[in-house]
Amino acid sequence: MPIKTDQLNNRLTTINQFSKNEVGQNRLVYSPNWVKGQKQLISWGNQAEMTITVDTYGTVYLDVIGSQSPDTIIATGSHMDTVAHGGPYDGLYGVVGGLQAILNLVRTFGQPKKTLRLISFSEEEGSRFPATFSGSKHYARIQNVTGIKDQSGIAFDTARQKAVFQLKEAADEMGLPNIPSTFTELHIEQGPRLIESHCQIGLVTSIVGQRRFTVTVNGIANHAGTTPMTDRHDALQIAIVLISHLKAIAAEISPQLTFTVGECHVWPNTSNVIPGKVIFSIDTRHVSDATLNLFENRLRDEAQKASNSPVSITVNRWVADHPTQLDNGMLTRNKQLAKKLGISYQTLASGAGHDSEIMSKVTKTTMIFVPSIDGISHAPQENTSDTDLHTGVKLLQESLREQAY
């Protein structure tokens, strides 16, 4: 059964071209590039005569209705959004690769017995608004996001309603479809393990838990030349010391505990003024909730120690995602299919969060990884070979065929 990787690559290129004049990929949720991406997907669904649904969060669902058990849904997909200046495959490969697998099956075997569904979740990254997985959480009936704004002060609901309005006219219906019987997410690994072990496929056993925090340091802004060093309450210097301590604490707690400060804002951000305020992010991940809890406790202790009048430090945790075990039965079956197809694989835990983490709470869920060249992701240099892209779709296609036909 041919995979038609030329179609796969053409579709990836088509959506990535929406960011062609920018650094990397920029499809932050509800942005113009994001709208173009979801519209393009809907267009492909229309061409394939799939049934198209859009929900009020902008998640797109493309269905091939089953002939015998239409209410039994076998789903695949991933997310349309990216981080700022991201790579060309994170999220998008699972959407476009899932579409390719479904179209290949229909072309070869005709209408499935059970409904095949492609899902393009609206948002997973948490890069524009301080919330992650808002698309899959909405679909899973777990949580609806409200009352938050992006850095420009635009409300989530305002951006959402404006973007979804642009998708409505192309959809067959608006609404929240039923939960599928299974969900499989095809994704790049975003790490070096597969490329280093020369394995074609990673079969995911679990997903790490993660915590994200916003730390605000309030000091006193003052003149850079006239304020003696002993009289300063420099928010940036305090933040630097705190970050250094926290990095050491993370390493002490566990070598596998990741610690990242990826965002930092300084006020007034002027060369001749002592910084009076600093806000920075912390992203930390581990397979154990106990380890994450320990780090959070140490973080709050360190912030309290570093606070002394007139300096104040606040810690706001805005993501608390627990470690997730994926479905063992689907994992076992994918091992068998990989062997049948002559595909080398290894099992591994995911160090990144995924929509599968949310979907696993409401249905049987598994993930298929393909290698990331040099282990690079969330950057313009993110890359995967055409051969590995082809292999991932091949395994997904066989899994969907077995489930739906």
Side-chain angles (χ1 to χ4, degrees), residues 24-26 28-29 79 81-87 90-91 123-137 143 145 148 150-151 187-193 204 206-217 239-266 278-303 306 313-324 349-358 372 375-380 382:
Q25 292 300 308
N26 295 279
L28 275 66
V29 67
H79 56 96
D81 71 315
T82 68
V83 297
H85 313 302
D90 180 7
E123 184 277 329
E124 183 254 21
E125 298 287 3
S127 293
R128 180 178 179 185
F129 297 94
T132 55
F133 312 118
S134 61
S136 51
K137 285 178 178 176
Q143 181 184 23
V145 172
I148 58 175
D150 66 11
Q151 291 182 9
H187 210 281
I188 59 170
E189 183 198 349
Q190 302 181 275
R193 290 167 294 180
V204 182
S206 59
I207 300 172
V208 296
Q210 60 177 297
R211 307 283 172 88
R212 295 191 198 180
F213 306 89
T214 298
V215 180
T216 303
V217 181
I240 290 170
V241 172
L242 178 59
I243 291 168
S244 179
H245 285 171
L246 292 171
K247 181 182 178 182
I249 287 169
E252 170 194 327
I253 290 173
S254 170
Q256 286 74 46
L257 177 63
T258 61
F259 171 82
T260 304
V261 174
E263 186 176 2
C264 186
H265 304 275
V266 181
V278 171
I279 297 178
F280 64 91
S281 65
I282 295 175
D283 180 308
T284 186
R285 310 183 188 204
H286 198 270
V287 295
S288 164
D289 248 342
T291 299
L292 293 169
N293 289 337
L294 178 58
F295 175 81
E296 181 171 349
N297 291 337
R298 295 288 297 274
L299 162 62
R300 295 186 184 279
D301 287 345
E302 290 297 313
I313 301 175
T314 60
V315 177
N316 174 43
R317 183 189 70 200
W318 55 276
V319 169
D321 294 321
H322 301 290
T324 301
S350 172
H354 299 284
D355 289 305
S356 288
E357 175 184 331
I358 307 305
S372 295
I376 295 174
S377 183
H378 278 190
E382 180 180 272

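Owing to the predicted nature of the structure, the values given are computational and were not obtained by experimental measurement.
Legend: residues meeting ring pair (Phe, Tyr, Trp, His ring centres under 6.0 Å) with Phe280, ordered by chain and number and at least two apart, are absent. Evaluation of the side-chain contact (heavy atoms from CB on, under 4.5 Å) rule for Asn293 yields Arg211 as partners, not counting sequence neighbours. Every residue two or more places apart in sequence or in another chain that forms a ring pair (Phe, Tyr, Trp, His ring centres under 6.0 Å) with Phe129 is listed here: Phe156. Residues meeting the salt bridge (charged side-chain N to carboxylate O under 4.0 Å, His left out) test with Asp283, sequence neighbours left out: Arg212, Arg285. Every residue two or more places apart in sequence or in another chain that forms a salt bridge (charged side-chain N to carboxylate O under 4.0 Å, His left out) with Glu189 is listed here: Arg193.
Using a 30° and 60° split on the angle between ring planes, Phe295 and Phe213 fall in the tilted class, from 30° to 60°.
Among Thr214, Asn316, Ile148, Val145, the one residue that satisfies the side chain to side chain contact (heavy atoms under 4.5 Å, CB included) test with Pro130 is Ile148. A side chain to side chain contact (heavy atoms under 4.5 Å, CB included) with His286 is found for one member of Thr258, Val208, Leu257 and no other, namely Leu257.
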For residues 241-251, tabulate all N or O donor-acceptor pairs below 3.5 Å that involve a side-chain atom, not counting sequence neighbours.
none

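Defined by atom type and a distance below 3.5 Å, a donor-acceptor pair is missing between the side-chain atoms of Asp355 and His79. When only modelled atom types and interatomic distance are considered, Glu263 and Ser281 share no side-chain donor-acceptor pair under 3.5 Å. The closest side-chain donor-acceptor pair between Gln210 and Glu357, if any, does not fall under 3.5 angstrom.
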